[in-house]
Every structure is written in structure tokens, then in C-alpha cells.
Amino acid sequence: MRLSDYLRLGFAGVKAHKKRAVAVVVIVGLLFGVIVAGTFILQGIENVVMSKMLAPTDGKVLVVSNVDTAICRENCDILAGTTQIRENIRRYGGEVMGLEIIQTKDGAFYKLRENIFDSINDNIDDDEVLQVAVPLKTAVNLVGTQLPNYDAAVSTKLNAIEEVREKILHKVIESKTGEKYYIAEILPGGVYGIDLSLMNVEQKGNPLDAVLGQVRTGTSQDFIAKSVGDEVRTDAENMGIVLAQFSDVKAAYDYYQDEANYCAEMDRIFGACGENYKYQVFPVVSDPLTTYENLQSVWLVFRIAAAVLTVIAVIIAFSTYARLMGKDMKVIALYHAMGATGRQIWLVYVTYLLILSLMAVAFALVVGLALAVGLSLVNMTALGQVFTLGFGIETEQIWLIGWNNLIWCIAGAMVLVAFMAVVLGNGNFRAKELAKKLK
């Protein structure tokens, strides 16, 4: 038989058992639809959060490492420590970047020897203007204004952030000390709230807070993107500070988790760090590392729940497939009478059950996408507000839809259960076994 024949007979089987076929597609599709919706939403949140945090650095993660003098105390060897830090960075695939600390009348700024910010304005002729990339709080301090208190109305805080951004972004300002700055970029960093919980915009009990509450707004450091050349400069490594650039969050997180670098804050406070801990590591633009770590915990819980639902769905699908084949003894006998071989009949039922499985997967994708889109639309205004309040950056429409390979696992499970049902029911397709069952 040709492929078209198998497909035709497979669809004929679906039509012959229409009610059971619809039931298994709907029930299994709904169970998997919940998993797909959760996957879309959770991956969507992770994607949009990381894209906002890492937008100023074009997706790269900047981390600073230094010898933790609270651990080594009077035995600190800063030179040897910074040498080891550089080796560790390279071992994890990071790139050590030249870093200077520039002191101005308004405080200290980091200056990269190889600038990564692409918002420098080469049309500014004034050679006394420092071009900076700073978080909103620093920009507010430089311009000599204030943001509303934390307990102000959400609309008041949002309007204030918008007004400040319009007033200073991509403009030359003069600070209270007389220094001139061109605000090349506003970096994401905590303005109102330490996380992106929707409670920050007066929404209580929103289920998205289970994830958004794990997103840390962090703090960004102050950078000079382009200097004027005569500032007081200090090589950061002489102070035991090493800046590294990693290609993505996963690479930076692996470095962060090295036993020489990682110690939870509470453990550090109580002196309970591991015996190999030596160096502090922290991001310098927002806080993608803590957020990534928190989201891995959320993903773990979600995958456990998804595994339970998958097992239930697979059991329902398998038992239904077995009953469908059990009801088709006379049809299978007819195939034999028409001269079909056992292998051909086996392939007909593989095709039949694969069609049902793929229909269930397609239904799950539609349900999951509908739920994710609906949740995005319902919360779109609040999401835009909480991103603005949390990071102090401008946000466009936020869609909580992201693809994760977990969805392929769902499709694979349904394909596998179709094959398993046919393989374990292989006796149904042998003429001798069939004759016994029909007696």
C-alpha cells in the first residue's frame, strides 16, 4: 500500500470512532493544553525579562568579580586573587574586559576600555560633556530632581518616570556640581520595588506573581560611555576588581555558581560560605543572575507538575487506544480477508493512532496559545506599568508567549504512546490470535 492508502484508512478509523476520537482529543488536548499554556507563559516571561535586562549590552552579561576581603581578611593577596579570577573567567568562556574607575564631582563611574553601549552621540561637539549610561535613579540625582515617594499613586509614579525620561534621555544636562552629562542610555535598575510583582501596581492575588515575584529588578552601575580625556582614572584591577563579559545568561550563571564564587547572602552574613569560597561576583547591569536562578526553581516545580499531567494524559490516551483497537476485531479480520499482511495492518493502526495523537497535540497548542494570549491581553496594561516602575525603562506591549523545547517533549510523548499502543497490541493483528478472539 502507498502512503496515501495508510492515511486514507487512518482517517477512516477516526470517522468510524468519531465520539471516542473526539473525547480523547479533547480530554488529552486539554491536559496538555494546560502544560503548553504554562510553558508559553513562563518562557514568555523569562524571554521578555531577559531581553529588557540585557538590551543595553546587546544580550551579553557583564559581571564584576573581586576578592572577598571579609573572608580572607588580613591574609588577602589581591594580585594573586585577581590573576585567579581572570583564569576562572576564561575557563567558563567569559572575556575579561578592561575597566577603569573615573572620579567626577558627582561620584565614581565605570569606564570600559572597549565600549559596548551603542547609544554614543558623535555629533556632540562640546569636549566637556561626559556621555553616560546610568540607571534612572542616578540620572534623577544628576539633574537635581526627585521622584515621588514609594507610597504615591501608581499613575503619579508612572507620569514622573515618563517626564524624567523625556527631560533627560538623549539630552545634555548640567548637574548641581557644574558637570555636563549627555544621558546616552537609561539602564534597567530598581526604581520602585525589588521585583516585578503586580502588587507594585496595586493588583493583589494575580497568579502571574508566582513568576513575576521571582524577577529581581536589581541595580545597574553608573557607566561613562564616552569621556573627555582628562578625568582622574584608576585601573579597576589594581583595586582587585575584574570585569567580565559572557555571551549569555547561562554562561554567566555557570561562572557565578562556581564554588569559589558562590555564597548565598544569608550564608555570607553568618559566615557559613563553603570552604572554597573566595570571590564575590555580581552583575553590573540589572540582576539577570538572581532572576535566572529564581526562574530555574520555578521551572523545576512546573516540570514536576507537567510530568504528572503528562502521565495522566498518556494513561488516558493509551487506554483509549487499546479500547479502540479492541473494538476493531471485525475490521481487522476484514483487512486479512482482503489480503492485507499483518505488517500492513500494523501500519494502518500506527497511522490511525498517530493521527489521533497529532490532533490532540494540535488541540493542545491551540488551547495553550489561546490561554497565553488571553492572559497577556488581560494583563498587558499592568505588565507595562510594572516593567516601567521596576526598571525605569520604556516598555512596549508585552506578550507572554515563548517557545520552549518542553512542548516538543509533549508531542513526542503522544507519538510514543501511539506506537506503544500498537506494539503492545500486536497480537490483535495476527490472524491466529484474531481467530481465537473472534470465536
Side-chain angles (χ1 to χ4, degrees), residues 41-66 85 88-89 92-97 99 110 112 116-119 133-138 185-197 200 208-223 241-258 261-265 279-300 302 383 386-395 398 400 402-404:
I41 293 166
L42 185 49
Q43 189 63 59
I45 290 175
E46 182 174 340
N47 288 351
V48 71
V49 165
M50 291 303 172
S51 69
K52 297 301 180 186
M53 287 184 174
L54 304 179
T57 56
D58 196 26
K60 297 179 175 62
V61 182
L62 299 182
V63 298
V64 158
S65 307
N66 62 271
I85 288 172
N88 291 346
I89 289 168
Y92 282 94
E95 177 187 352
V96 177
M97 302 185 70
L99 180 67
Y110 282 149
L112 304 177
I116 63 171
F117 301 108
D118 58 5
S119 49
V134 294
L136 190 68
K137 284 188 174 180
T138 297
E185 191 151 14
I186 299 293
L187 302 178
V191 181
Y192 292 105
I194 62 172
D195 57 41
L196 294 187
S197 168
N200 292 324
L208 289 176
D209 276 354
V211 183
L212 292 173
Q214 304 304 313
V215 177
R216 295 295 178 261
T217 54
T219 56
S220 290
Q221 302 302 310
D222 303 327
F223 287 88
I241 300 172
V242 181
L243 178 71
Q245 174 181 274
F246 290 88
S247 59
D248 54 46
V249 177
K250 180 62 169 61
Y253 182 72
D254 289 343
Y255 169 72
Y256 172 62
Q257 285 285 299
D258 186 276
N261 300 332
Y262 185 80
C263 181
E265 188 61 30
Y279 314 117
Q280 283 184 297
V281 175
F282 56 90
V284 292
V285 177
S286 195
D287 194 358
L289 298 183
T290 304
T291 295
Y292 181 83
E293 182 174 39
N294 291 349
L295 290 181
Q296 295 315 296
S297 299
V298 175
W299 273 114
L300 176 61
F302 178 77
L383 286 168
V386 81
F387 270 75
T388 299
L389 291 179
F391 290 135
I393 59 176
E394 187 177 13
T395 57
I398 295 173
L400 304 181
W403 182 268
N404 186 282

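- The CG atom of L212 lies 4.5 Å from the CD1 atom of I45; values are rounded to the nearest 0.5 Å.
- In this structure, the side chain to side chain contact (heavy atoms under 4.5 Å, CB included) partners of T138, at least two apart in sequence or on a different chain, are V134, P135, L142, D222.
- Judged purely by atom type and a 3.5 angstrom limit, N200 uses its side chain to pair as donor or acceptor with the backbone of D195.
- By the ring pair (Phe, Tyr, Trp, His ring centres under 6.0 Å) test, Y110 is found to be paired with F223, residues two or more places apart in sequence or in another chain being considered.
- Evaluation of the side chain to side chain donor-acceptor pair (under 3.5 Å) rule for K60 yields no partner, not counting sequence neighbours.
- Taking I194 as the reference, nothing meets the side chain to side chain contact (heavy atoms under 4.5 Å, CB included) condition, with sequence neighbours excluded.
- Remark: side-chain polar atoms of N294 are paired, donor with acceptor, to backbone N or O of Q214 under 3.5 angstrom.
- Residues satisfying the salt bridge (charged side-chain N to carboxylate O under 4.0 Å, His left out) test with K137, not counting sequence neighbours, are none.
- Residue pairs meeting the side chain to side chain donor-acceptor pair (under 3.5 Å) criterion with at least one partner in residues 45-55, sequence neighbours excluded, are Q43-N47, E46-W299, K52-E396.
- Not counting sequence neighbours, T291 has no partner by the side chain to side chain donor-acceptor pair (under 3.5 Å) test.
- Qualifying side chain to side chain contact (heavy atoms under 4.5 Å, CB included) partners for D258, counting only residues two or more places apart in sequence or in other chains: R91, Y92, A260, N261.
- For P188, the side chain to side chain contact (heavy atoms under 4.5 Å, CB included) partners are P56, S220, V285, S286, F391, I393, not counting sequence neighbours.
- For T217, there are no side chain to side chain donor-acceptor pair (under 3.5 Å) partners at least two apart in sequence or on another chain.
- Applying the side chain to side chain donor-acceptor pair (under 3.5 Å) test to Y262 and every residue at least two apart in sequence or in another chain returns E293.
- Once rounded to the nearest 0.5 Å, the distance linking CG of D254 with OH of Y292 reads 7.0 Å.
- For D248, there are no salt bridge (charged side-chain N to carboxylate O under 4.0 Å, His left out) partners, not counting sequence neighbours.
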Inset, instruction - Apply side-chain contact (heavy atoms from CB on, under 4.5 Å) to V61 and T57, showing your working. - result: CA-CA 7 Å; V61 182; T57 56; over 6 Å; no
